[in-house]
Every structure is written in C-alpha cells, then in structure tokens.
Amino acid sequence: MSNEPLLILAALVTVYIVLGVLYESFIHPLTILSTLPRPSRCDSGLLICRQELSVVALIGIILLIGIVKRTES
C-alpha cells in the first residue's frame, strides 16, 4: 500500500504525455490537468467515511481522472 502515491503520479504523468502528444503543446495539458479532482480530496472523503485507501478506491480515483479528462477534451 505504500506505492499508491507513486501510482497516482504515474497515472498523471501518463495522461500528461498523451495529452501533450494529442494537442502538440506543453501548456494545454497543464490547463486540463489543473481541473482534475485532487487525490487529496479523495483521501479526505475516505477519511470522513473512515475508510482506507484500498485498491478499489485507487482504481476509482484513476477512473475518475480519466472520465474528467475525456469530458473536458
């Protein structure tokens, strides 16, 4: 469970690279990624509900990032 921050970072870097290739820009992917839900907000939601960050919750965070990204582009 200590690899979750690294996994979230890898997902964000991958999304940034894909967006950079699609838009042929370094700045436009940053504007899209700045509107994504922050993992800290997801963590606070799990804290309020007294739940741990499980693999299922991590998959949900990554899916949420993908859904928001697809909606914006």
Side-chain angles (χ1 to χ4, degrees):
M1 288 297 196
S2 63
N3 291 333
E4 284 95 12
L6 184 61
L7 198 57
I8 292 172
L9 181 65
L12 288 174
V13 168
T14 303
V15 169
Y16 177 78
I17 290 171
V18 169
L19 287 174
V21 169
L22 287 174
Y23 294 114
E24 297 176 357
S25 170
F26 292 111
I27 301 299
H28 193 62
L30 288 177
T31 59
I32 293 174
L33 288 175
S34 67
T35 60
L36 291 177
R38 306 290 191 281
S40 61
R41 292 182 195 162
C42 298
D43 285 343
S44 62
L46 289 170
L47 250 170
I48 291 171
C49 295
R50 295 184 180 157
Q51 299 290 321
E52 291 183 5
L53 184 62
S54 64
V55 174
V56 175
L58 187 60
I59 291 171
I61 292 170
I62 293 172
L63 284 174
L64 185 61
I65 289 171
I67 290 169
V68 170
K69 182 251 160 223
R70 178 160 173 101
T71 303
E72 289 181 353
S73 54

Could you list who else is in I27's hydrophobic cluster, with ILVMFWY side chains joined at under 4.5 Å, directly or through other members?
-> none
Would you check if the side chain of Y16 reaches a backbone N or O of F26 as a donor-acceptor pair within less than 3.5 Å?
-> yes
Shared-cluster residues of I17, by chain and number - hydrophobic side chains joined below 4.5 Å = L9, V13
